[in-house]
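All values below come from the heavy atoms of this structure, side chains included, with hydrogens, waters and symmetry mates left out. The sequence lines fix the lettering, A, B, ..., with proteins before strands; numbering per chain opens at 1.
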4 protein chains.
Amino acid sequence: MLSVMPPVKTARTEPRRGRPRSEQSRQAILRAVSELVLDRDLSEISMDAVAERAGASKATIYRWWTSKELLVLDALRNEWDTAVPEVTDTGSLSGDLRAVIVPWTRELATKPYGHVIASLIVRAQVDPLFAREYRTHFVGPRRKPARSAFRRAIERGEITRDTDVEAAVDLLYGPFYHRLLHTHAAVTDRFARAILEYVVAAVSASDRAVG
Amino acid sequence: MLSVMPPVKTARTEPRRGRPRSEQSRQAILRAVSELVLDRDLSEISMDAVAERAGASKATIYRWWTSKELLVLDALRNEWDTAVPEVTDTGSLSGDLRAVIVPWTRELATKPYGHVIASLIVRAQVDPLFAREYRTHFVGPRRKPARSAFRRAIERGEITRDTDVEAAVDLLYGPFYHRLLHTHAAVTDRFARAILEYVVAAVSASDRAVG
Amino acid sequence: MLSVMPPVKTARTEPRRGRPRSEQSRQAILRAVSELVLDRDLSEISMDAVAERAGASKATIYRWWTSKELLVLDALRNEWDTAVPEVTDTGSLSGDLRAVIVPWTRELATKPYGHVIASLIVRAQVDPLFAREYRTHFVGPRRKPARSAFRRAIERGEITRDTDVEAAVDLLYGPFYHRLLHTHAAVTDRFARAILEYVVAAVSASDRAVG
Amino acid sequence: MLSVMPPVKTARTEPRRGRPRSEQSRQAILRAVSELVLDRDLSEISMDAVAERAGASKATIYRWWTSKELLVLDALRNEWDTAVPEVTDTGSLSGDLRAVIVPWTRELATKPYGHVIASLIVRAQVDPLFAREYRTHFVGPRRKPARSAFRRAIERGEITRDTDVEAAVDLLYGPFYHRLLHTHAAVTDRFARAILEYVVAAVSASDRAVG
DNA sequence: TCCTAACCGAGACGGTACGTCGCGTCTTAGG
DNA sequence: CCTAAGACGCGACGTACCGTCTCGGTTAGGA
């Protein structure tokens, strides 16, 4: 939770002097951002507006978040972070990938944060520090279970050992992010099923092709 | 809106009185944007900066481009537009897709416009008119030849008639855009080959699965 | 009028390009300051308030006046500068000094700018550039006619040649500024008459003392 | 308000429970202000800066001084308060006034507090409560001995009974404050002698004029 | 020896204003 | 009719201080 914050609170030896940080303020600010971000472009959200809606002062916001993007990142994590479950072994690659993708696409459908993610991606491409933060908290946790699923499939013998796992993960996530960001078509359940089927077929086929 | 496609004659039969538009100014502005956009986020480029670098006045810019994003869009087209070749029939799905993807990925590797595309995507998700423009000039021309390739494969009997072509196109492009935008890994030739192989396998496999 | 302005518009050879400065804006800003300054301390006047009341933007204000004090100085000059008449020779020191002092004290009584002058003095003591500006436009024009009056009195033989004119001028103005700034007592006509009488007696007496 | 005169016991019969006020803190704060005020305008001194330099907390400052101006007033008194001697009767008006003025002008020359006094005057003109405090501690103690000197001169028969004593006091102090605040010229010993001579001449002359 | 009151520092808080920057528009003179 | 120059109203920026408010901790007298 606190890991996005600047000094990363290391070592609690000294007894913490001064007035402690207001948890109420912190929550109010994150909530304000989450709400404002829903119907607006990130660039259309002013820190003044966040401060006013949160009943906080701008100084307080800047004290704890060094940029609007980090603030939004934190707000999104605050909204979502319960939803990164460790994937259980369902016994098949198809089942494992479904268990990863379906809850995520459902979540995406619920809250229209597509444009927010796009904004964060922009920032990540320009600011390396932010990029690291973004990947650590957003991309990494998504890719890991997918990677595990492919690895388990290799262990099981479902797919060949020489499967390019990283490419496979991109093959899986790419199409969803593509629609999410380009909005040329919706991320429906039907689409999810199609992509899952394709991906499983793709990595399995090379098996057959080889064999 | 029309200004994005500069030479498109809009029923211009009469010879237009007054001083004609300065082609020199137009080129200077587009060049200035192309250069500025390389090492900066789109939001970090000010119209004042563009005007100054181009030796133009802001009024001139606003006369011909209604927004910064449309200007950038135009500048990118000005840089790239020779490179949207009509795809020739190579005789196989694999060859057709390769002919679409490989030149494009090579081009992406040359010029680091990933963050610019991300910026345009952000804008497209908030501004429907811009979204239309963006898709017309950037997404559409890419998808069409891919779509044709799959259609031809169906005609040839390489893949089944019930292939979900739109999903297939997303399966193809998604992974590339994913890496381009998230920058978690580079879009290498090796990656391109892997994805192409996977995609072909995916759509072919369902054939076999059905058959 | 323009001399307070930063570049002091030197040489009108080139034909003045770009949109000219808005005289309307300038007047509105000066008027707004003059009004606001009446019932408030200078430190209680925000540039935002001036901008809003003038219907101008802060940027416009800062473009032409580099500090609040210079702005106030200009506003006060705008209000007063008609009132620095060249003193005529009345034939006696007493009459000459009266002609200098009485209109001025009347003006001071009309508009309560005492606290404003105090603010300007503060600034003048800290900022040498401002001090120069302040003395040029406020102190100098007041002292000069008084100095002349004493000089004429010397020529006439009313007072001795070895009169310390600068000290005499301070003897004249000091008491008025003292009451104006310390507000321990009002600057009444009666007070003005008393001081004038004292000053004339003071410089005349040394004559007699010598003779 | 009472805190400005720190040691003044306000009916403190009972011995006061709890931790007593830290004299060390008090001195540190006053010293910090005295130092900071030397090279800066009063408005350029922040309470945060005072607190930091004194090693005190802002809360402590605000507990004992209700405003920055009162704090500065106290700091100045702390620096100067030995220097308000009761004037002795020297036998002549000239001597009495000299005994009042000369030590004071010497003190003014030592420490450049002119701009501080100006700041206090500004505040006094806007805040009546502060004005009272200022006059009680700064203006009053200066005027009283001068007033006495003129009264004694009347008793002695040096000057007429109908001398306007208040105006005379202003005639005496005005020129010094004038130079101190406007800084158009220095307050030298020579200047002090000139003004003293002028003042004595002024009030004496009316005597002769009448007689 | 503990209790309680008043003090102390550190430092976070809600605010207000700052002076600057970028926006998109406008008003000039000139090609 | 177009162009460069540049001033304009507007709104947001990130910072600096304001005066207030918790905190943990210290220093005294009274129980």
Side-chain angles (χ1 to χ4, degrees), chain A residues 14-22 24-26 28 43-52 54-64 66-68, chain B residues 16-22 24-25 43-52 54-64 66-68, chain C residues 14-22 24-26 43-49 51-52 54-64 66-68, chain D residues 14-22 24-25 43-52 54-64 66-68:
Chain A
E14 14 166 0
R16 310 229 295 99
R17 307 196 299 171
R19 180 175 176 173
R21 178 174 183 186
S22 162
Q24 184 182 321
S25 238
R26 185 178 158 273
S43 74
E44 290 171 340
I45 297 175
S46 69
M47 291 304 240
D48 292 77
V50 174
E52 191 183 338
S57 79
K58 277 199 291 176
T60 299
I61 300 179
Y62 283 109
R63 201 191 323 273
W64 301 109
T66 55
S67 76
K68 188 153 63 178
Chain B
R16 320 219 287 115
R17 306 199 311 157
R19 180 175 175 177
R21 176 174 184 183
S22 161
Q24 184 184 321
S25 238
S43 73
E44 290 170 341
I45 297 173
S46 70
M47 292 304 244
D48 292 76
V50 173
E52 195 184 3
S57 82
K58 280 198 293 174
T60 301
I61 300 178
Y62 282 109
R63 200 193 311 279
W64 302 108
T66 55
S67 77
K68 185 156 64 178
Chain C
E14 14 166 1
R16 312 228 296 98
R17 307 196 298 171
R19 180 175 176 175
R21 177 173 183 188
S22 162
Q24 185 182 321
S25 239
R26 185 179 159 273
S43 73
E44 290 171 341
I45 297 175
S46 70
M47 291 304 241
D48 292 78
E52 191 183 338
S57 78
K58 277 198 293 176
T60 298
I61 300 179
Y62 283 109
R63 204 193 317 276
W64 301 108
T66 55
S67 75
K68 188 154 62 176
Chain D
E14 15 169 1
R16 321 219 287 112
R17 306 201 313 155
R19 180 177 177 174
R21 177 173 182 185
S22 162
Q24 186 184 321
S25 238
S43 75
E44 290 170 341
I45 297 175
S46 70
M47 291 303 243
D48 291 76
V50 174
E52 195 183 5
S57 81
K58 280 198 292 174
T60 301
I61 300 179
Y62 282 109
R63 201 194 313 277
W64 301 108
T66 56
S67 78
K68 187 156 63 177

Residue [X], side-chain atoms from C-beta onward, closest of [options]:
X: C/P20; options: F/dC2, E/dC18, E/dT27; result: E/dT27
X: A/S22; options: E/dC13, E/dG9, E/dG14; result: E/dC13
X: B/Y62; options: E/dT25, F/dC18, F/dA5; result: E/dT25
X: C/A59; options: E/dT20, F/dC10, E/dA17; result: F/dC10
X: B/M47; options: E/dC23, F/dC8, E/dG19; result: E/dC23
X: C/T60; options: F/dG19, F/dC8, E/dA12; result: F/dC8

Within the structure, does a side-chain N or O atom of [X] lie under 4.0 Å from either OP1 or OP2 of [N]?
X: C/W64; N: F/dC8; answer: yes
X: D/K68; N: F/dC18; answer: yes
X: A/S57; N: E/dG15; answer: no
X: D/R63; N: E/dC8; answer: yes

Separation of [N] [atom2] from [X] [atom1] (nearest whole Å):
X: C/I61; N: F/dG9; atom1: CD1; atom2: P; value: 9 Å
X: C/D48; N: F/dA12; atom1: CG; atom2: C1'; value: 12 Å
X: C/E44; N: E/dC18; atom1: CD; atom2: C1'; value: 17 Å
X: B/R21; N: F/dA4; atom1: CZ; atom2: P; value: 11 Å
X: B/Q24; N: E/dG31; atom1: CD; atom2: P; value: 15 Å
X: C/R16; N: F/dA4; atom1: CZ; atom2: C1'; value: 16 Å

For DNA chain E, whose closest nucleotide is more 5', that of B/K58 or that of C/G18?
B/K58
On DNA chain E, compare the nucleotides closest to A/G55 and B/S67; which residue's is nearer the 5' end?
A/G55
Side-chain donor or acceptor of A/R17 under 3.5 Å from a matching atom on the base of F/dC23?
no
Donor/acceptor link under 3.5 angstrom from B/S46 side chain onto base of E/dG22:
no
Please work out if B/I45 contacts a base, only the sugar-phosphate, or nothing of the nucleic acid, heavy-atom cut-off 4.0 Å.
sugar-phosphate
Under 4.0 angstrom, heavy atoms only, what part of the nucleic acid is D/A56 near: base, sugar-phosphate, or nothing?
sugar-phosphate
By nearest-heavy-atom nucleotide on DNA chain F, the more 5' of C/R19 and C/S25 is C/R19
Just checking, C/R26 and C/W64: is the charged tip under 6.0 Å from the six-membered ring centre and within 45° of the axis?
no
OG-CE distance between C/S67 and C/M47, expressed to the nearest 0.5 angstrom:
7.0 Å
How about CD on C/E52, more than 12 heavy atoms from neighbouring residues, nucleotides or ligands closer than 6.0 Å, or not?
no
Is it the case that more than 12 heavy atoms not belonging to C/Q24 sit under 6.0 Å from its CD atom?
no
Nearest atoms (heavy-atom pairs only) where A/S25 meets A/T60:
OG-CG2, 4.5 Å
Tell me if a side-chain donor or acceptor on A/K68 pairs with a main-chain N or O of A/I45 at a distance below 3.5 Å.
yes
